[in-house]
Amino acid sequence: MTAIAHGTDGSKAGPSGIALPHTTFSRIADRIITFFGEVSSWLWTILMLLIVYQVVRRYVFSKGSIMLEEMQWHLYAVGFMLGLAFTEIRERHVRIDALAEHWPWRRRLWMELAGIVFLLLPFAGFIAWFAVPFTVTAYQLHEVSAAPDGLPYRWVLKSFIVTAFVLLVLAGLSRLTRVLAALRMKN
C-alpha cells in the first residue's frame with residue numbers, strides 16, 4: 001500500500017489512490033492549467049455578484065435585462081469550461097473505482113494509462129479540433145445573440161470551447177507523463 005500512498009518524489013496520492021511522480025512537462029502544464037483554473041475561480045464571484053445585482057434590479061426596481069441574463073450564462077459556461085482541466089490535474093472529477101480500488105497499483109496505472117490514451121485524449125482532442133471551425137464561423141458571420149438586447153460577439157464565448165478542451169488535452173498529457181513515469185519506476 002505504500003507504493004500507492006506516496007511516490008518516490010514525495011508526491012501524495014490523490015483521490016485516485018495512486019501517487020504519481022511529477023515530470024518536467026507535468027509541472028509546466030499544471031502551472032498553465034492552474035493559472036486558468038484560478039482565473040475561472042474569480043468568475044464565480046463575479047457571477048454571484050451579477051446574479052444578486054440582476055435579482056435586486058428585477059424585483060426591487062422592476063427592471064430586467066436580457067443582456068445581464070445572457071452574461072450570467074456566459075460566465076457560468078466559461079467558468080465551467082475553464083474548470084474542466086483544473087479538476088483533472090487536481091483529481092477532483094468524478095471517479096468510480098469500485099473495482100480498481102482493489103487492484104494492484106501497477107494494474108491501476110495501466111488502466112489509468114488506457115483511460116487517458118483511449119478515452120480522455122481522443123475525446124478532448126476531437127472536441128477541440130471541431131470547435132475551431134465552429135468558433136471561426138461564428139467570428140466570420142459576426143454572430144450575435146438572437147435576443148434584441150442580447151450580447152454581441154458570440155464567437156468569444158465559443159472560443160472558450162477551444163480553450164477549455166485544449167487545456168483538457170494538456171491536462172491529459174500531463175497526467176499521461178506522470179503515469180508513464182510511475183510505470184517506469186521499480187517496485
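Count residues from 1 along the sequence.
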Between Phe130 and Phe126, does a ring-ring contact (aromatic ring centres under 6.0 Å, His included) hold up when you go through it step by step?
-> CA-CA 6 Å; Phe130 284 99; Phe126 178 83; 4.7 Å; yes
Could you check His22 against Thr177 for side chain to side chain contact (heavy atoms under 4.5 Å, CB included), going step by step and ending with a plain yes or no?
-> CA-CA 8 Å; His22 291 279; Thr177 63; over 6 Å; no
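Nearest heavy-atom pair, Leu168 versus Leu120, reported as atom, atom and distance to 0.1 Å: CG-CD1, 4.0 Å. Here the closest non-hydrogen pair linking Ser65 and Arg57 is CB-NH1, 3.2 Å. Contact between Ser174 and Asp30 at its shortest, heavy atoms only, is OG-OD1, 2.8 Å.
Taking Ala164 as the reference, Met81 meet the side-chain contact (heavy atoms from CB on, under 4.5 Å) condition, with sequence neighbours excluded. Applying the side-chain hydrogen bond (donor to acceptor under 3.5 Å, both in side chains) criterion to Glu69, with sequence neighbours excluded, gives Arg58. Every residue meeting the side-chain contact (heavy atoms from CB on, under 4.5 Å) condition with Ile32, not counting sequence neighbours, appears here in chain and number order: Ile28, Phe36, Leu167, Leu170. Contacts of Leu180 classified as side-chain contact (heavy atoms from CB on, under 4.5 Å), with partners at least two apart in sequence or in another chain: Leu113, Leu176, Arg184. Partners of Val39 under the side-chain contact (heavy atoms from CB on, under 4.5 Å) rule, at least two apart in sequence or in another chain, are Phe35. Checked against salt bridge (Lys or Arg N to Asp or Glu O under 4.0 Å), Arg107 has no partners two or more places apart in sequence or in another chain. Residues that satisfy the side-chain hydrogen bond (donor to acceptor under 3.5 Å, both in side chains) test with Ser26, not counting sequence neighbours, are Thr23.
Considering only heavy atoms from C-beta on, Ile89 stays 4.5 Å or farther from Arg175 through its side chain. Ile33 is not listed as a side-chain neighbour of Glu88, based on a closest heavy-atom distance of 4.5 Å or more. Between Met71 and Leu75, the closest side-chain pair of non-hydrogen atoms falls below 4.5 Å. A 4.5 Å side-chain heavy-atom check between Leu109 and Trp105 finds at least one atom pair inside the cut-off.
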Under 3.5 Å donor-acceptor pairs involving side-chain atoms of residues 143-159, not counting sequence neighbours:
from   : atom 1 : to     : atom 2 : distance (Å)
Glu143 : OE1    : Lys158 : NZ     : 2.9
Glu143 : OE2    : Lys158 : NZ     : 3.0
Ser145 : OG     : Glu70  : OE1    : 3.1
Ser145 : OG     : Glu70  : OE2    : 2.4
Ser145 : OG     : Ala147 : N      : 3.1
Ser159 : OG     : Val156 : O      : 2.6

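Between the OG1 atom of Thr24 and the CZ atom of Arg27 there is a distance of 6.0 Å, given to the nearest 0.5 Å. Note that CG of Leu47 is 12.0 Å distant from OG of Ser40, once rounded to the nearest 0.5 Å. Atom CZ of Phe86 and atom CG of Leu82 lie 11.5 Å apart (nearest 0.5 Å).
Follow the hydrophobic side-chain contacts under 4.5 Å out from Phe134 and you never reach Val132; the two are in separate clusters. Both Val169 and Val117 are assigned to one and the same hydrophobic cluster, defined by single-linkage of ILVMFWY side chains at heavy-atom distances under 4.5 Å. The same ILVMFWY cluster, assembled from side-chain heavy atoms under 4.5 Å apart, contains both Leu84 and Ile116. Met67 and Met48 fall into different hydrophobic clusters, where Ile, Leu, Val, Met, Phe, Trp and Tyr residues are linked whenever their side-chain heavy atoms come under 4.5 Å apart, directly or through other members. Under the 4.5 Å side-chain contact rule for hydrophobic residues, Trp110 and Val179 share a cluster.
Contacts classified as salt bridge (Lys or Arg N to Asp or Glu O under 4.0 Å) and involving residues 37-52 (residues at least two apart or in different chains) are not found. Sorted by first and then second residue, the pairs that involve residues 59-80 and meet ring pair (Phe, Tyr, Trp, His ring centres under 6.0 Å), not counting sequence neighbours, are Trp44-Tyr76. Annotation: salt bridge (Lys or Arg N to Asp or Glu O under 4.0 Å) contacts involving residues 123-137, sequence neighbours excluded, are absent. Listed by first and then second residue, the side-chain hydrogen bond (donor to acceptor under 3.5 Å, both in side chains) pairs that reach into residues 128-142 come to none, sequence neighbours excluded.
Put simply, the side chain of Arg178 gets close to the backbone of Leu20: a donor and an acceptor are under 3.5 Å apart.
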